[in-house]
Amino acid sequence: MHKLNSRFNYLRGMEALAAVVLPIIFILDWRKSATGVHWPLGLAALLSVSYLLAQGSLYWQLKHSALSASAPLPNYFGRLFNAFKATNLVLFGGVALGFIVQVVSAGWNTQLAWPLGIFLFAVLEHINYYHYQLMYDTSASVRYVLRNRRLRKAALGVDLNRRAGRSA
């Protein structure tokens with residue numbers, strides 16, 4: 001149990017740190033970029049990533065607290081994370097629409113490359129949290145994929161399904 005608690009604590013801290021540090025790094029880099037960046041779409045993409053990472057940090061905090069107290073996740077967990085999941089999709093739709101409008105009206109240009117890459121990272125983070133685990137950073141998780149020849153269900157998605165009474 002101590003190892004699992006340490007893991008949850010580590011994941012919580014790293015997600016929170018990344019939610020703050022990644023935008024700072026990208027914004028500082030973009031300010032000195034020779035080719036420039038499409039700022040509105042870049043900031044929207046960064047907001048998407050930070051929003052997802054903050055959700056991940058909160059989830060791991062709740063898991064850590066529940067494990068520490070030998071208690072289930074709080075009653076509000078399902079409602080909160082289902083709301084996050086829905087707002088993620090609305091945010092993604094808005095950002096995707098921004099890309100479509102930009103490309104249709106002005107065509108593709110290199111200023112869209114970083115924002116698009118970051119936006120795709122946000123979409124992958126959503127999948128990683130709510131659907132399938134995409135990050136395999138321990139030997140046990142890699143062995144799971146090799147042994148079962150499929151991706152593991154995302155822990156947050158499994159917890160949401162449990163809360164809703166659906167099978168994971």
Side-chain angles (χ1 to χ4, degrees), residues 3-68 73-74 76-77 79-138 141-142 151-152 154-157 159-160:
K3 243 183 166 178
L4 198 52
N5 235 344
S6 293
R7 176 79 174 155
F8 291 162
N9 195 35
Y10 166 78
L11 290 169
R12 176 197 63 204
M14 293 309 291
E15 300 288 338
L17 181 65
V20 174
V21 171
L22 282 179
I24 292 170
I25 291 169
F26 279 107
I27 288 169
L28 290 174
D29 186 61
W30 292 348
R31 290 182 65 214
K32 59 184 177 175
S33 171
T35 60
V37 170
H38 189 282
W39 280 94
L41 288 173
L43 293 174
L46 285 172
L47 172 69
S48 300
V49 167
S50 288
Y51 185 55
L52 263 292
L53 292 168
Q55 290 169 43
S57 181
L58 177 59
Y59 172 68
W60 294 119
Q61 172 59 43
L62 293 174
K63 289 291 279 187
H64 180 270
S65 296
L67 183 63
S68 296
L73 288 165
Y76 62 83
F77 166 79
R79 287 187 312 279
L80 178 63
F81 280 89
N82 278 320
F84 282 152
K85 187 176 178 182
T87 58
N88 292 343
L89 299 179
V90 170
L91 183 58
F92 293 162
V95 175
L97 182 61
F99 275 103
I100 291 167
V101 166
Q102 178 62 31
V103 170
V104 167
S105 66
W108 174 264
N109 67 60
T110 58
Q111 292 184 346
L112 297 172
W114 272 113
L116 181 60
I118 293 168
F119 174 63
L120 294 175
F121 176 64
V123 171
L124 289 173
E125 277 296 289
H126 177 84
I127 293 166
N128 184 55
Y129 291 150
Y130 291 96
H131 302 286
Y132 292 98
Q133 182 180 338
L134 299 177
M135 187 182 96
Y136 294 91
D137 63 340
T138 66
S141 61
V142 171
L151 297 176
R152 182 178 272 168
L156 173 52
D159 283 338
L160 279 175

(message) Suppose we screen for side-chain contact (heavy atoms from CB on, under 4.5 Å). Which residues come up paired with R31, at least two apart in sequence or across chains?
(response) I27, L28, W39
(message) For I100, give me all partners under side-chain contact (heavy atoms from CB on, under 4.5 Å), at least two apart in sequence or on another chain.
(response) V104
(request) Sort and list the pairs that fulfil salt bridge (Lys or Arg N to Asp or Glu O under 4.0 Å) and have at least one residue in residues 32-54, not counting sequence neighbours. (result) none
(request) Not counting sequence neighbours, which residues clear side chain to side chain donor-acceptor pair (under 3.5 Å) with N128? List them please. (result) none
(message) Could you report the tightest heavy-atom contact between S50 and A19, atom names first, then the distance?
(response) OG-O, 2.8 Å
(message) To the closest 0.5 Å, what do you measure between CZ (F8) and CG (L62)?
(response) 11.0 Å
Tabulate below the donor-acceptor pairs under 3.5 Å that side-chain atoms of residues 87-97 make, not counting sequence neighbours, or state none.
| residue | atom | partner | partner atom | Å |
| --- | --- | --- | --- | --- |
| T87 | OG1 | Y51 | OH | 2.6 |
| T87 | OG1 | A83 | O | 3.1 |
| T87 | OG1 | F84 | O | 2.9 |
| N88 | OD1 | Q55 | NE2 | 2.7 |
| N88 | ND2 | Q55 | OE1 | 3.2 |
| N88 | ND2 | F84 | O | 3.3 |
| N88 | ND2 | H126 | ND1 | 3.0 |

(request) Mind checking the CZ-CG spacing from F81 to L58? Nearest 0.5 Å is all I need. (result) 4.0 Å
(request) Check whether any side-chain heavy atom of F99 sits under 4.5 Å from a side-chain heavy atom of Q102, and report yes or no. (result) no
(request) Can you sort out the partners of A16 under side-chain contact (heavy atoms from CB on, under 4.5 Å), two or more places apart, ordered by chain and number? (result) S57
(request) Working to the nearest 0.5 Å, report the span between NE2 of H38 and CG of L43. (result) 10.5 Å
(request) For V142, enumerate each residue passing the side-chain contact (heavy atoms from CB on, under 4.5 Å) test, keeping only those at least two apart in sequence or located in another chain. (result) Y136, L146
With a cut-off of 3.5 Å and sequence neighbours excluded, list every side-chain donor-acceptor pair involving residues 109-117.
| residue | atom | partner | partner atom | Å |
| --- | --- | --- | --- | --- |
| N109 | OD1 | Q111 | N | 2.8 |
| Q111 | NE2 | T35 | O | 3.3 |

(request) Would you check if K85 and H131 make a side-chain contact, meaning some heavy-atom pair closer than 4.5 Å? (result) yes
(message) Using the ring pair (Phe, Tyr, Trp, His ring centres under 6.0 Å) criterion, which residues pair with W108? Sequence neighbours excluded.
(response) none
(request) Taking the side chain as every heavy atom from C-beta outward, state whether F119 and L41 have any pair of such atoms under 4.5 Å apart. (result) no
(request) State, yes or no, whether a side-chain contact exists between I118 and L22 at a heavy-atom distance under 4.5 Å. (result) no
(request) Go through L151 and Q133 one step at a time and tell me if the side-chain contact (heavy atoms from CB on, under 4.5 Å) criterion holds. (result) CA-CA 6 Å; L151 297 176; Q133 182 180 338; over 6 Å; no
(message) What I'd like to find out is whether the side chain of L53 reaches to under 4.5 Å of the side chain of E125, using heavy atoms alone.
(response) yes
(message) Taking side chain to side chain donor-acceptor pair (under 3.5 Å) as the definition, give me every residue that meets it alongside E15, ordered by chain and number, with sequence neighbours left out.
(response) Y129
(request) Quick one: which residue pairs count as a salt bridge (Lys or Arg N to Asp or Glu O under 4.0 Å) with a foot in residues 40-63, not counting sequence neighbours? (result) K63-D159
(request) List in chain and number order the residues that pass salt bridge (Lys or Arg N to Asp or Glu O under 4.0 Å) with R152, two or more places apart in sequence or in another chain; answer none if no residue qualifies. (result) none
